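As the structure lists them, so they are numbered: ligands from 1, and atoms in each ligand from 1. Note that the coordinates shown come from a computational prediction; the quantities given were computed from them, not determined experimentally.
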Amino acid sequence: MTQPNPAGLEDVVAGTSEICFIDGKEGRLLYRGYDVRDLAEHASFEEVVYLLWHGRLPNRAELDAFVQQLRSLQALPGQVLDLIQHIPPATHPMAALRTAVSYLGTLDPDQEDQSQEANLRRATRLVAQFPTLVAAIQRVRQGKEPVAPRRDLSLAANFLYMLRGEEPSPLHADVMNVALVLHADHELNASTFAARVVAATLSDMYSAITAAIGALKGPLHGGANEQVMRTLLEIGSPDKAEAWVKEALAAKRRIMGFGHRVYKTEDPRATILRRLSRKVAEAAGDLRWFEISQAVEKVVTAEKGLYPNVDFYSASTYYVMGIPFELYTPIFAVSRISGWTAHVLEQYANNRLIRPRAEYTGPTRREWVPLEQR
Ligand code: SDX
């Protein structure tokens, strides 16, 4: 057997992929070779989805056709809307999303067809329906009627429209688009790896995506952005940041939104999200949360040498946009469904069961002891 790996499979190469490249030392992130900074500046989320799945950017005709296809698929089956009505309102939206996606799988019209074409159709439906799902879950939690998707808005703008019941400002639509581009894929992060492990058994795509949602929900992964906002709310003002952080570090608590398994310098997504957080704060005339974030970052960097990750500045950005913090991880999922499905399709296309070994550290061979003698 090969040498046992460090805890958490740190730096273990668990396979090959053509989808995403991360340079943790230099802080670079490429989707199919395109720098995420270029994509954040120029691309629509729909273009990025196409890129992740097909390995190249679409031309005008391909993009128009893809956008129309997504828009034709964004409405939810009535049974799913009924299910959402029966989920207890106190349920976390990520648990509701996990439940709804699993149920969606039972309604799939061509479940038996596991061809790549059928799985690409499934992936397209999932990317189209995730924004509608998350918005509907939130509206029902608030005791409101879900808002039906429109056919004349981008995926990012439609999500905010379905959430609020009114069209977002161009700034908010653009910021949401960039946030979705930034969260779309990230190599073998925990939730994507979970999806690939399930797909590698040749189980169905809904099972793989349900597993991924479960992994993303955790506070050490996608759940961190919601915890960041709770931290900022608890700190309350920039002048209280230093004491709060120092006390947390002294108590060996993790500061959510900092550190990363791969990046040993600033996460390039955090660099862009820091700018977006300031931009929406200045537009709203509410710099408080951005300034608390900056104060926290200053102390954590000085005290622990840790950098902010993608979750840190997305929190203040979404908060000033008026998005409830329990939706931050579901928004992460609205974007990452594109990367998850890209990896599941890649796994299916060139599959081998993913089954590592464990270094056994339990007791050596023991003899049976009858119950009366125990
Ligand atoms: C995402 O993998 C991905 O790509 C994920 C992601 C994606 O796009 O899919 O980038 C999205 O999940 C970002 C990460 C979000 N999570 C958080 O912000 C939670 C807080 N961060 C940490 O829990 C931690 O940094 C992890 C989980 C992200 C990474 O942890 P590692 O690689 O297992 O590192 P570690 O826990 O072994 O910590 C190494 C040292 C420790 O110090 P010592 O105990 O050795 O003295 O760094 C310290 C840790 O205590 N440390 C932190 C810290 N993160 C690491 N100390 C305080 N606060 C933190 N946030």
| query | Under 4.0 angstrom from atom 26 (C) of ligand 1, is there any protein heavy atom? | reply | no
| query | So which protein heavy atom does atom 2 (O) of ligand 1 come closest to, and at what separation? | reply | N189 CB, 3.7 Å
| message | Quick check on the hydrophobic clustering: are V344 and V197 connected, directly or via other members, by side-chain heavy-atom contacts under 4.5 Å? | response | no
| remark: Among K304, E187, H186, E10, closest by heavy atom to atom 48 (C) of ligand 1 is K304
| said: Suppose we measure from atom 20 (C) of ligand 1 to each protein heavy atom; which comes out shortest, and what is that distance? | reply: F258 O, 3.5 Å
| Quick one: does atom 37 (O) of ligand 1 have a protein heavy atom under 4.0 Å from it? | no
| Non-hydrogen atoms of S17 and I19 that approach each other most closely | OG-N, 3.2 Å
| query | Tell me, which protein residue and heavy-atom name are nearest atom 24 (C) of ligand 1, and how many Å apart are they? | reply | R254 NH1, 3.6 Å
| request: Group every Ile, Leu, Val, Met, Phe, Trp and Tyr by side-chain heavy-atom contacts under 4.5 Å, then state whether M162 and L133 land in the same group. | output: no
| query | Of all the non-hydrogen atoms in the protein, which one sits nearest to atom 29 (C) of ligand 1, and at what distance? | reply | R261 N, 3.8 Å
| field | Nearest candidate to atom 16 (N) of ligand 1, where distance is taken over non-hydrogen atoms, out of I22, L220, T192 | value | L220
| message | For L153, is there any backbone N or O sitting under 3.5 Å from a side-chain donor or acceptor partner on R71? | response | yes
| task | Heavy-atom contacts with D311 under 4.0 Å: which atoms of ligand 1 show up? List them by number with element. | result | 1 (C), 13 (C), 14 (C), 15 (C)
| message | For a quick test of reading the model, state the closest non-hydrogen atom pair linking L180 to S335 and the distance between them. | response | O-OG, 2.5 Å
| task | Just need the protein heavy atom nearest to atom 14 (C) of ligand 1, so name the residue and atom and give the distance. | result | N309 ND2, 3.5 Å
| request: Anything under 30° is parallel, anything over 60° is perpendicular, the rest tilted; go ahead and classify Y328 against F325. | output: perpendicular
| message | I'd like to know if atom 56 (N) of ligand 1 has any protein heavy atom within a distance of less than 4.0 Å. | response | yes
| task | Specify the closest pair of heavy atoms between G105 and Y206, including all atoms of both residues, with the distance to one decimal. | result | CA-CG, 3.3 Å
| query | Between F130 and W340, what is the shortest heavy-atom contact and its length? | reply | CE2-CZ3, 4.3 Å
| query | How far is atom 51 (N) of ligand 1 from its nearest protein heavy atom, and which residue and atom name does that atom have? | reply | L306 CD1, 3.9 Å
| request: Could you verify whether a donor N or O on one side chain and an acceptor N or O on the other, from R336 and H183, lie under 3.5 Å apart? | output: no
| request: Compute whether any side-chain donor of one residue and acceptor of the other, for H172 and E167, lie under 3.5 angstrom apart. | output: no
| field | Nearest-neighbour protein heavy atom for atom 6 (C) of ligand 1, which is reported as residue plus atom name and distance | value | H260 NE2, 3.7 Å
| message | Counting non-hydrogen protein atoms only, what is the nearest one to atom 9 (O) of ligand 1? Give residue, atom name and distance. | response | R336 NH1, 2.8 Å
| said: Between ligand 1 and I255, can you find any atom pair, the residue atom being a heavy atom, that is separated by under 4.0 Å? | reply: yes
| message | Under 4.0 Å from atom 22 (C) of ligand 1, is there at least one protein heavy atom? | response | yes
| query | With a 4.0 Å cut-off, strictly under, does atom 45 (O) of ligand 1 pick up any protein heavy atom? | reply | no
| message | Geometry only, no angles: is G257 polar-contacting ligand 1 at N/O separations under 3.5 Å? | response | yes
| message | Taking only non-hydrogen atoms of P219, do any sit less than 4.0 angstrom from ligand 1? | response | yes
| said: What I want to check is whether the side chains of E46 and S154 have a donor and an acceptor closer together than 3.5 Å. | reply: no
